[in-house]
Amino acid sequence: MTETSTPRQNGSKGKRSTLLGAVFLMATSAIGPGFITQTTQFTTQLGAAFAFAILVSILVDIAVQLNVWRVIGVSGMRAQDLGNKVLPGLGYVMAALVVFGGLVFNIGNIAGTSLGLDALFGLDAKIGGTLSAVIAIGIFLSRRAGVAMDRIVVVLGIVMIALTAFVAFSSAPPVGQALVQAVWPSEVDFLAITTLIGGTVGGYITYAGAHRLVDAGVTGPDQITDVSRSSVVSLLVTGVMRLVLFLAVFGVVAGGVALSSANPTAEAFQHAAGEIGVRLFGMILWAASITSVVGAAYTSVSFLVTFSRSLEKARNWLVVAFVAISALVFVLLDQAPTTLLVLAGALNGLILPVGFGVLMFVAARRGDLLGGYRYPRWLLVIGAVAWLLTVYLGVNSVGGIAALWK
């Protein structure tokens, strides 16, 4: 990623901009077309009880990201470099899994942009997907690509939340009922909880924000406060988006509407705000998808560039190629490859405990990689508990791989 200056050179203003960009890069990477579909499906299925699943998933996500951002931030090394330090060759395996998963999911993200522009303007799917890919490529070809990416993800992230909040207000959900269910649920769905966790801290998403800080030079023990705060805020931004989306759909469902179409989110928005609701859905879906395209491309390539100086020099072109290949596959197939998406999702479920396990090992046993930094014991404990949950998620993901052979 080309930078004309680092945040330390620009002073506190440049640093704040980078931190905000890292927060929204991670958050908007998590908020993709799958995120929107997931939230709608679980809201329709569980109703107010889904609020509990959202709350628990946010708490677990925070435990994961507090550790991921802190280890990477203090060490100043990306996840794959730490992997190779712990066990030579492990970083290459991590990179291969993340890049493959990121590429396949990016095809789905491109598909999401096409659906968004179709709802917004009635644009042909192939044209919409290609146009969106060109916009993403334009961001990375700009002279200050890092700054452009930071600003784009922040603006579109705020737009998504604001528009969804408007629809939530229009649908008039019974907020009191949701608040009660958040702490005292009538039904606990562990599948919903594990799915939400995998969707917000799985695969490349886990490392998006932390890798951005490494690239921008915001690293070291003296940056702990800012790094930790940013990791929590990134999850809270994701949580707020999921919450307002939940409330928007919940208001419609609680009103007695049965969402039965092939696109339940668009149907819910239409019931909540009429024809303008469909247009808003298109804008939200496009914004969610294009920011996920940017996040997937940037983070996936960040797993490759440290392996050789020539790759680092060609970084922006690698990102461009990543987006272009994703768009080309989408155009040729005219849809996201379902089987590959299942496989990529399963691999993301496997890489989460492996990658997170590496970082927790560094935190507990490799103080030399942290510059002698004394890692907080309380953070190790909650990290260990969260890691056990990621192992459970990983075991479940194996079923996705097995299903491909049937």
Side-chain angles (χ1 to χ4, degrees), residues 27-28 30-61 108 112 115-116 119 157 160-202 205 235-274 276-289 292 345:
T28 55
I31 303 169
F35 174 102
I36 293 173
T37 303
Q38 263 180 18
T39 303
T40 303
Q41 288 177 339
F42 283 126
T43 302
T44 304
Q45 175 187 334
L46 300 173
F50 184 48
F52 177 76
I54 293 174
L55 177 61
V56 173
S57 67
I58 289 173
L59 293 177
V60 175
D61 289 348
L115 293 174
M160 277 191 287
I161 293 174
L163 293 181
T164 310
F166 169 76
V167 177
F169 178 79
S170 301
S171 72
V175 177
Q177 184 181 346
L179 288 174
V180 171
Q181 291 283 326
V183 295
W184 196 262
S186 58
E187 178 183 359
V188 177
D189 191 317
F190 289 102
L191 174 61
I193 294 171
T194 54
T195 301
L196 296 189
I197 293 169
T200 47
V201 291
I205 300 169
L235 268 304
L236 292 179
V237 170
T238 309
V240 167
M241 179 59 187
R242 195 181 293 276
L243 180 62
V244 293
L245 181 57
F246 156 69
L247 290 174
V249 178
F250 179 50
V252 173
V253 174
V257 176
L259 302 177
S260 56
S261 69
N263 196 336
T265 313
E267 185 183 358
F269 277 40
Q270 185 173 29
H271 278 286
I276 191 175
V278 177
R279 306 301 176 195
L280 292 178
F281 162 75
M283 182 63 209
I284 292 166
L285 181 60
W286 182 81
S289 300
S292 292

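The figures that follow rest on heavy atoms only: side chains count, while hydrogens, waters and symmetry mates do not.
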- request: Sequence neighbours left out, what pairs pass side-chain hydrogen bond (donor to acceptor under 3.5 Å, both in side chains) with at least one residue falling in residues 190-201?
  value: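 For residues 190-201: D61-T200.
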message: Show me the pairs that pass side-chain hydrogen bond (donor to acceptor under 3.5 Å, both in side chains) and involve residues 244-259, at least two apart or across chains.
response: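 Qualifying pairs: none.
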Which atoms form the tightest heavy-atom contact between [X] and [Y], and what is the distance?
| X | Y | value |
| --- | --- | --- |
| Q181 | F52 | O-CB, 3.4 Å |
| A119 | R279 | O-NH1, 2.9 Å |
| A192 | L46 | CB-CD1, 4.0 Å |
| F246 | G47 | CE1-O, 3.4 Å |
| A53 | L196 | O-CD1, 3.9 Å |
| D189 | Q45 | OD2-NE2, 3.2 Å |

message: Main chain of I54, side chain of S57: is a donor-acceptor contact present, judged purely on distance under 3.5 Å?
response: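 Yes.
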message: Checking the side chain of S171 only, and the main-chain atoms of F269 only, is there a donor and an acceptor separated by less than 3.5 Å?
response: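 Checking the backbone N and O of F269 against the side chain of S171, no donor-acceptor pair under 3.5 Å is found.
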- request: Step through the shown structure and confirm whether more than 12 heavy atoms of other residues, nucleotides or ligands are within 6.0 Å of CG on L179.
  value: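 For L179, atom CG is crowded (more than 12 foreign heavy atoms under 6.0 Å).
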task: Hey, could you give me each pair passing ring pair (Phe, Tyr, Trp, His ring centres under 6.0 Å) that has a residue in residues 161-199? Not counting sequence neighbours.
output: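 Qualifying pairs, neighbours excluded: none.
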- prompt: Out of T40, T44, T37, which residue meets the side chain to side chain donor-acceptor pair (under 3.5 Å) rule with T265?
  reply: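 Per the side chain to side chain donor-acceptor pair (under 3.5 Å) rule, the option paired with T265 is T40, out of T40, T44, T37.
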field: ring-ring contact (aromatic ring centres under 6.0 Å, His included) against F35, all qualifying residues, sequence neighbours excluded
entry: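 With neighbours one apart ignored, the set is empty.
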message: Among residues at least two apart in sequence or on other chains, which ones pass ring-ring contact (aromatic ring centres under 6.0 Å, His included) with F42?
response: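 Testing F42 for ring-ring contact (aromatic ring centres under 6.0 Å, His included), a comparison that skips the adjacent residues, returns F50.
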Report the distance from atom [atom1] of [X] to atom [atom2] of [Y], rounding to the nearest 0.5 Å.
| X | Y | atom1 | atom2 | result |
| --- | --- | --- | --- | --- |
| H271 | L259 | NE2 | CG | 6.5 Å |
| M160 | L285 | CE | CG | 10.0 Å |
| L243 | L55 | CG | CG | 10.0 Å |

Set of residues satisfying side-chain hydrogen bond (donor to acceptor under 3.5 Å, both in side chains) with respect to Q38, sequence neighbours excluded: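 Partners of Q38 under the side-chain hydrogen bond (donor to acceptor under 3.5 Å, both in side chains) test: none.
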query: Is the closest side-chain heavy-atom distance between V201 and V60 below 4.5 Å?
result: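 No, every pair of side-chain atoms sits at 4.5 Å or beyond.
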field: Residue that, paired with L245, satisfies side-chain contact (heavy atoms from CB on, under 4.5 Å) out of T164, I284, V240
entry: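 The residue from T164, I284, V240 that satisfies side-chain contact (heavy atoms from CB on, under 4.5 Å) with L245 turns out to be T164.
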task: Pick out which of I58, L247, T43, T39 makes a side-chain contact (heavy atoms from CB on, under 4.5 Å) with R242.
output: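 Between R242 and the candidates, side-chain contact (heavy atoms from CB on, under 4.5 Å) is satisfied uniquely by T39.
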